[in-house]
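Report on one structure; see the data block that follows.
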Amino acid sequence: MKVVVTSTGYDLDAPPTEVFGRCPRFLFVDTDSGDVTAVENPGASADRGAGVQAAQVVVDGGAEAVLTGRVGPRAMEVLERAGVRVHELGGADPRTAIEKLRHGESPP
Amino acid sequence: MIVAVASGKGGTGKTTVAVSLALAARGEGPVRLLDSDAEAPNAALFLRPGIEDRRDAVVLVPEVDPDLCDGCGQCAEACQYHAIAAVGGPPIVFPGLCHGCGSCVFVCPQDALHERPEIIGRLRAGRAGGIEFGEARLDVGRALATPVIRQLLEWRLGAVSADALTVIDAPPGTACATMEAVRRADVVLLVTEPTPYGLHDLELSVAVVRDALGLPVRIVVNRADQGDDGVDRYCAREDLPVLLRIPFDRRIAAALAEGTPLVTAFPEYEDRFRVLLDGLAAEVAA
């Protein structure tokens, strides 16, 4: 399963962001292999429509779930329609949240 | 002659100047004032026009026919404003982000998109004394002033003879909406104030209006006896004629606050604005 963490850095040690649409980058985490791929968020510097742009990257990347902070209404609509589950981390450790997802539990 | 009144900084006195120009020109041929400050149109507060005609301002936003759409996502890719998201199946359209450029409709291989007008603002036209009045007003919650301004000017600019004076009250700033409001003008009056803020934003305005759009620029300094001499030195260096200085005067502020136009409260300004206009007309004709 592919899970996205919205992140300030490049690996799971970096603090996750409190917002979705304007996060600096997405960490695509392969929950089976543990591989982490960082993808820059074009929405971070968008004039308008940041949320839609960000959500499109997550959907196109094939993520099944997002671990993030606040999600705007447009981004939420895109993620919901694409069947991507959205979980607010609320300060929880992303590794713990990913483990919960792996075991079919709902984080955080 | 079309005179646009603009400024980089807001609150410098654009509407005061625009309304004064229109009032001073009455009786010397047709006069028109088009309030293009679509996010804060307030010339009507001074002119109190009778409204005779109204129109909606629209953008054309795409609508998806789910029976024709095969979910290819080319529309979302083409959209530079991220107003369309491709999620497999028919795309999601966000009209609030759409600029109405039509790219999505153009690229759709299935002809599954068509455009429908979405109302984003209101246009009004009427008369105030001898002045023909027009106004662009962006709806609350909308972000696109430019098409509303364009639709006002396309609607009202054609309607009057070439010898008419048209005064366009432009929105503040240096972005698309301001450029749309001034780009048809024969000359642009930039209103500023002699402060570091006024100077900073005047320099930006000159870069856009004179340097990028190539339009003749003249300066009006408002609250002219305040601040410092930075604006004067800049105008001298850049060879920008200062055509009028309006001093800071509590009585002027009080009149404006009551909705009384400058030239009505202080008739001596009527001559000054008429002289200014005659000078502009001579330059434009030359």
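Order of the sequence lines fixes the chain letters, A, B, ..., with proteins taken first and strands second; residue numbering starts at 1 for each chain.
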- Using a cut-off of 6.0 Å, state whether more than 12 heavy atoms not belonging to A:E18 lie near its atom CD. no

- Least distance between heavy atoms, A:V78 atom then B:I92 atom: CA-CD1, 3.7 Å

- Item | Donor-acceptor pair, side chain of A:R48 and main chain of B:H82, under 3.5 angstrom | no

- Query: Looking only at heavy atoms, what is the nearest atom pair of B:A85 and A:Q56, with distance?
  - Reply: CA-OE1, 3.2 Å

- Query: Say you draw a straight line from CG of A:D60 to CD of B:E77; how long is it, rounded to the nearest 0.5 Å?
  - Reply: 8.5 Å

- Segment of B:A86 engaging chain A (4.5 angstrom heavy-atom cut-off): both

- Message: Tell me the closest heavy-atom pair linking A:E77 and B:F94, and the distance in Å.
- Response: OE1-CE2, 3.5 Å

- Message: Please check if the number of heavy atoms outside B:H200 that lie under 6.0 Å from its NE2 is greater than 12.
- Response: no

- With only heavy atoms counted, which part of A:V59 is less than 4.5 Å from chain B, the side chain, the backbone, both or neither? side chain

